[in-house]
Amino acid sequence: QVQLVESGGGSVQAGGSLRLSCRASGDTYSGLCMGWLRQAPGKEREGVAALDSDGSTTYADSVKGRFTISGDKNTVYLQMNDLKPEDTAMYYCAAPYCYTHVPPRDNYWGQGTQVTVSS
């Protein structure tokens, strides 16, 4: 079993920055692909960014140029710059999750961390 714990969410003004972290524990390995999804009330869950086991990254079109995903052995980060009100959502870490355009299935989830961006 894999346990995922997110941190780093909070409230920020539009144009500000936040850095999310997701730490994996349990039956993990350095090459496990991990990524981030988000969901706002009344909206569909959206893949935000994913880091494949070979180091390649994918992003949702809405965050390209503003968000950057990176990872270390058992931790994945999401640096979020130039935040916009439409980025407000609960952000979840998932594993395995390798590509934003391939929905995760039979994966592990974290509890989520709330990001709120005010105008």
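Residue indices begin at 1 and follow the sequence shown. These numbers were taken from a predicted model, which means no experiment stands behind them.
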Sequence neighbours excluded, which residues qualify as salt bridge (charged side-chain N to carboxylate O under 4.0 Å, His left out) partners of Lys43?
none
Distance-only check: which donor-acceptor pairs under 3.5 Å involve side-chain atoms of residues 94-104, not counting sequence neighbours?
from: Tyr97; atom 1: OH; to: Thr100; atom 2: O; distance (Å): 3.3
from: Tyr99; atom 1: OH; to: Asp52; atom 2: OD2; distance (Å): 2.5
from: Thr100; atom 1: OG1; to: Thr58; atom 2: OG1; distance (Å): 3.4

Contacts of Glu86 meeting salt bridge (charged side-chain N to carboxylate O under 4.0 Å, His left out) (sequence neighbours excluded), chain-then-number -> none
Side-chain cluster (under 4.5 Å, hydrophobic types only) that Tyr77 belongs to, other residues:
none
Check side chain to side chain contact (heavy atoms under 4.5 Å, CB included) between Val12 and all other residues, then give those that pass, not counting sequence neighbours.
Leu18, Leu83, Val117
Between Trp109 and Cys93, is any pair of side-chain heavy atoms under 4.5 Å apart?
no
Report yes if some heavy atom in the side chain of Tyr91 is under 4.5 Å from a heavy atom in the side chain of Met80; otherwise report no.
yes
Report the residues that fulfil salt bridge (charged side-chain N to carboxylate O under 4.0 Å, His left out) with Arg66, sequence neighbours left out, ordered by chain and then residue number.
Asp87
Is there side-chain contact between Thr88 and Val115, with at least one heavy-atom pair below 4.5 Å?
no
Strictly by modelled atom types, are Gln13 and Ser118 linked by a side-chain donor-acceptor pair under 3.5 Å?
yes
I need the Cys22 SG to Leu51 CG distance, nearest 0.5 Å.
11.5 Å
Applying side chain to side chain contact (heavy atoms under 4.5 Å, CB included), name anything that partners Ser11, two or more places apart in sequence or on another chain.
Thr116
With sequence neighbours left out, write down each residue that passes side chain to side chain contact (heavy atoms under 4.5 Å, CB included) with Ser7, or none if nothing qualifies.
Ser21
Could you tell me which non-hydrogen atom of Ser119 sits nearest to which non-hydrogen atom of Ala14, and how far apart they are?
CA-CB, 4.3 Å
Applying side chain to side chain donor-acceptor pair (under 3.5 Å) to Glu44 and not counting sequence neighbours gives none
Do Val63 and Leu78 belong to the same hydrophobic cluster, where Ile, Leu, Val, Met, Phe, Trp and Tyr are linked whenever their side-chain heavy atoms lie under 4.5 Å apart, directly or via other members?
yes
With side chains defined as the heavy atoms from C-beta onward, is the minimum distance between Leu4 and Met34 less than 4.5 Å?
yes
Side-chain heavy-atom pair Tyr92, Arg45 within 4.5 angstrom cut-off
no
Would you mind listing every salt bridge (Lys or Arg N to Asp or Glu O under 4.0 Å) that reaches into residues 1-23, with sequence neighbours excluded?
none
So which atom in Trp36 and which in Leu20 form the shortest heavy-atom distance, rounded to 0.1 Å?
CH2-CB, 3.6 Å
Please list all pairs meeting salt bridge (Lys or Arg N to Asp or Glu O under 4.0 Å) that have one or both residues in residues 55-64, counting only residues at least two apart or in different chains.
Asp61-Lys64
Under 3.5 Å donor-acceptor, Thr75 side chain and Asp72 backbone:
no
Given side chains that start at C-beta, do those of Tyr59 and Val48 come closer than 4.5 Å, heavy atoms only?
no
Sequence neighbours left out, what passes side chain to side chain donor-acceptor pair (under 3.5 Å) with Ser17? Give chain and number order.
Asn81
Should Met90 and Gln39 count as side-chain neighbours, where that means a heavy-atom distance under 4.5 Å?
no
